[in-house]
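Naming: A, B, ... by sequence-line order, numbering from 1 per chain. Since we're looking at a predicted model, the values are computed, not measured.
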There are 2 protein chains.
Amino acid sequence: MSSEVPKTETSTAPVPPTLSAVGKRAGVSSITVSRVLRVPDLVAPETRARVEEAMRELGYVPNLVAGALASSRTNSVGVLVPTIANSIFADTVQGLSDKLEPLGFSVILAQSRYDAAREDRMLAALLSRRPEAIIMVGSPATEEGNRLLRHARIPIVETWDLPAAPIDAVAGFDNYKAGVAVAKHLIAQGRKQLAFIGGDDPRATRRWLGFWDEIVASGLPEPRRLILDRNASGSVAAHARLPDVDAVFAANDAHAIGFMAGLRKAGLLCDGPASQQPVAVIGLGDLEMGRLFSPALSTISVHGDAIGRTAATLTLERGGERKVDLGFELVLRDSG
Amino acid sequence: MSSEVPKTETSTAPVPPTLSAVGKRAGVSSITVSRVLRVPDLVAPETRARVEEAMRELGYVPNLVAGALASSRTNSVGVLVPTIANSIFADTVQGLSDKLEPLGFSVILAQSRYDAAREDRMLAALLSRRPEAIIMVGSPATEEGNRLLRHARIPIVETWDLPAAPIDAVAGFDNYKAGVAVAKHLIAQGRKQLAFIGGDDPRATRRWLGFWDEIVASGLPEPRRLILDRNASGSVAAHARLPDVDAVFAANDAHAIGFMAGLRKAGLLCDGPASQQPVAVIGLGDLEMGRLFSPALSTISVHGDAIGRTAATLTLERGGERKVDLGFELVLRDSG
DNA sequence: TGTGTTAATGTTAGCGCTAACATTGCGTAT
DNA sequence: ATACGCAATGTTAGCGCTAACATTAACACA
């Protein structure tokens, strides 16, 4: 990526044109060109036409880096997700970027990979690009991450959860209540041996807590918790480690589907309704695939894209309600 | 997002500290602070310690916008994908960002939503942030997009395909051959009435072309093509529109799974091996879900993350082979 | 006739940093 | 002692743009 362009080639050096170059060509000063770009109404129509012509001829591409430094507006937002690959957070990124891009904002994307140290590094990296807001999944894992964000003096949106003491704004839902809702449903269905499978990130843990509390409060034996790594294939074998279980809440749909694939192999899955399932399974996320699976997956439906769009709105509007609960709904299909 | 911070509040104004502020506090000039950040070996250990202390005390966060303008290195790459939500391209973004982030590069993400005009706008928006490279899925749809990229004088990587006349670098596979491979397999299996379902983006179309050519060359009747919108649910009903078909190539796994869900409803799916399926189904992408489905989905496996990592490598190294064919493999499971 | 008023354009300074070139001080060879 | 090399630090200019404040000309109004 070194710049070994021979400069002594021709008279028209391959130097990208600047505002002044356009201005010179159009016979105006650089500020007028700048105005054509940002506030065209301030420029006389003929002048504007001449400038636009010059921009076209030179193939001018504005330099937003310089513009950002001069105006201290970068028109960018930093987005931090644990992971983007086959994850539910992709919907959120899509949602927020659909909202932000038409407004001229760029999305700077970073992944923490569920690693606190990397999260801090990414947060610092994002902030050094001076985004006008940060949208992240969850909350900073470390004190350092918190400090960084609190000192940044820009809107911060935490998503996919409802932290008790948010840094600034929130767009999420109550993961604890989701766990409670699933437990209630499973108990009402008459299930007795419940278990929870999935990751151990903060949000999954909150779900587990709600699940546990509700089950124990109802007098049933304590549910088991199986912590699985992040790919669904691992959950295929999970059933062997959960003998006697008759209902499972999976921290997300991928785990739920993997678990069901394992149940099928074990002959513990039927194509009938939930009441006929030897083992009930409830997921979270409402992946399209869950609907296509047979038996169709019952799940906690969460609107990932709405979370993203709401987060985008929260970065743009200061003031107003800064804590939005997008809720969730228990969608009952055939798996549990 | 206006900055109405009352400046006459205290003596310690809430102005983010600059390099010079740190320098002043540490008793050195700003350039020394800059060196501590970029080339610490040039600074005496005690000085460095003093500077680092000052940075910590002030909570200094470097301003890469200014740094980029001064050095004309932004340490960022622009990434353009059709869509990021529940798509196979998320793997590619993950792969390239895993490679790029540790090197200090940020990813600026944009989505074209399969829309040529939006693609051009996003390309222009990306370029105006002066990324050091552009990685995109496919090739620019318009002449204007091509022109923009050719004039940008930075590495451009086109992915997920092997364009005949690439702008610069390529990391992808031969979509035409993928179609041929699927056709060959299906024909060898004795299937007679073949069809293709999926989108009509350039890559899907290339797959269709290979599929069609191979089938017609073998003397079988022309395959049918059903163009579906981008969500898998639409493909559930696709079977009704393809009576008599005994083999289907879906442009991606999501469509394949949706189609299979439809087959199941119609009683045209069994849990046995491929030879027993009334209708063979082959997907593309090798989604984890496909493996969990029953019957397990046969598919063209493509390594989306390897495409991303390769693309990242191609942006970093000029010279060397600039056209990398990552290939694909036909993974046969139970669906066809 | 002078005095606003407004529309259109220009001038100046500087955003926060880094490249490129000084400068300083000190140890060492001659 | 003089020159030289080198390590550590500093000075200067400028990246490409925009905010804030001129300036100019044309015209309306009393």
Novice: Please identify which of these residues, R153(B), R322(B), K323(B), meets the salt bridge (charged side-chain N to carboxylate O under 4.0 Å, His left out) condition with D168(B).
Specialist: R322(B)
Novice: What is the distance from atom CG of L96(A) to atom OG1 of T159(A), rounded to the nearest 0.5 Å?
Specialist: 8.5 Å
Novice: Which helical stems does DNA chain C take part in, if a stem means at least 3 consecutive Watson-Crick or G-U pairs with both distances below 3.5 Å?
Specialist: C:1-30 with D:1-30
Novice: For the pair made of CG in L37(A) and P in dT18(D), what is the distance, rounded to whole Å?
Specialist: 7 Å
Novice: Is it true that D201(A) and R203(A) have a side-chain N and a carboxylate O under 4.0 angstrom from each other?
Specialist: yes
Novice: Can you check whether Y60(B) has a side-chain N or O nearer than 4.0 Å to OP1 or OP2 of dG16(C)?
Specialist: no
Novice: Identify which nucleotide among dA19(C), dG16(D), dC17(C) has an atom closest to any side-chain atom of L69(A), counting heavy atoms from C-beta outward.
Specialist: dG16(D)
Novice: Assign S72(A) to base, sugar-phosphate, or nothing according to its heavy-atom contacts below 4.0 angstrom with the strands shown.
Specialist: nothing
Novice: What pairs of nitrogen or oxygen atoms, one from the protein and one from nucleotides 25-28 of chain C, lie under 3.5 Å apart?
Specialist:
none

Novice: Which residue, L127(A), V77(A), V79(A), forms the side-chain contact (heavy atoms from CB on, under 4.5 Å) with I134(A)?
Specialist: L127(A)
Novice: Name the residue from R118(A), R113(A), Q111(A) that meets the side-chain hydrogen bond (donor to acceptor under 3.5 Å, both in side chains) definition with E101(B).
Specialist: R118(A)
Novice: As an exercise, state the distance from CD of E132(A) to CG of L100(A), rounded to the nearest 0.5 Å.
Specialist: 10.0 Å
Novice: Indicate yes or no: does E53(B) engage R50(B) in a salt bridge with an N to O separation below 4.0 Å.
Specialist: no
Novice: Can you check whether V61(A)'s main-chain N or O pairs, donor with acceptor, with S128(B)'s side chain at less than 3.5 Å?
Specialist: no
Novice: Within this structure, what is the CZ-to-P distance between R73(A) and dA19(D), rounded to whole angstrom?
Specialist: 10 Å
Novice: Would you compute the distance between atom CD1 of I108(A) and atom CG of L126(A) and round it to the nearest 0.5 angstrom?
Specialist: 6.5 Å
Novice: Using heavy-atom distances to pick each residue's nearest nucleotide on DNA chain D, tell me which of A70(B) and S34(A) is more 5'.
Specialist: A70(B)
Novice: Whole angstrom is fine here: how far is it from CZ in R129(A) over to P in dC17(C)?
Specialist: 14 Å
Novice: Say you draw a straight line from NZ of K99(B) to OG1 of T313(B); how long is it, rounded to the nearest 0.5 Å?
Specialist: 3.5 Å
Novice: Between R38(B) (CZ) and dT18(C) (C1'), how many Å, whole number?
Specialist: 5 Å
Novice: Nearest whole Å is fine: how far is dG16(C) P from L58(B) CG?
Specialist: 14 Å
Novice: In whole Å, I'd like the distance from the NZ atom of K24(B) to the C1' atom of dG16(C).
Specialist: 15 Å
Novice: Between S139(A) and D161(A), is any pair of side-chain heavy atoms under 4.5 Å apart?
Specialist: no
Novice: Indicate for each nucleotide in nucleotides 8-13 of chain D, in 5' to 3' sequence, whether protein heavy atoms under 4.0 Å reach the base (B), only the sugar-phosphate (S), or nothing (-).
Specialist: SBBB--
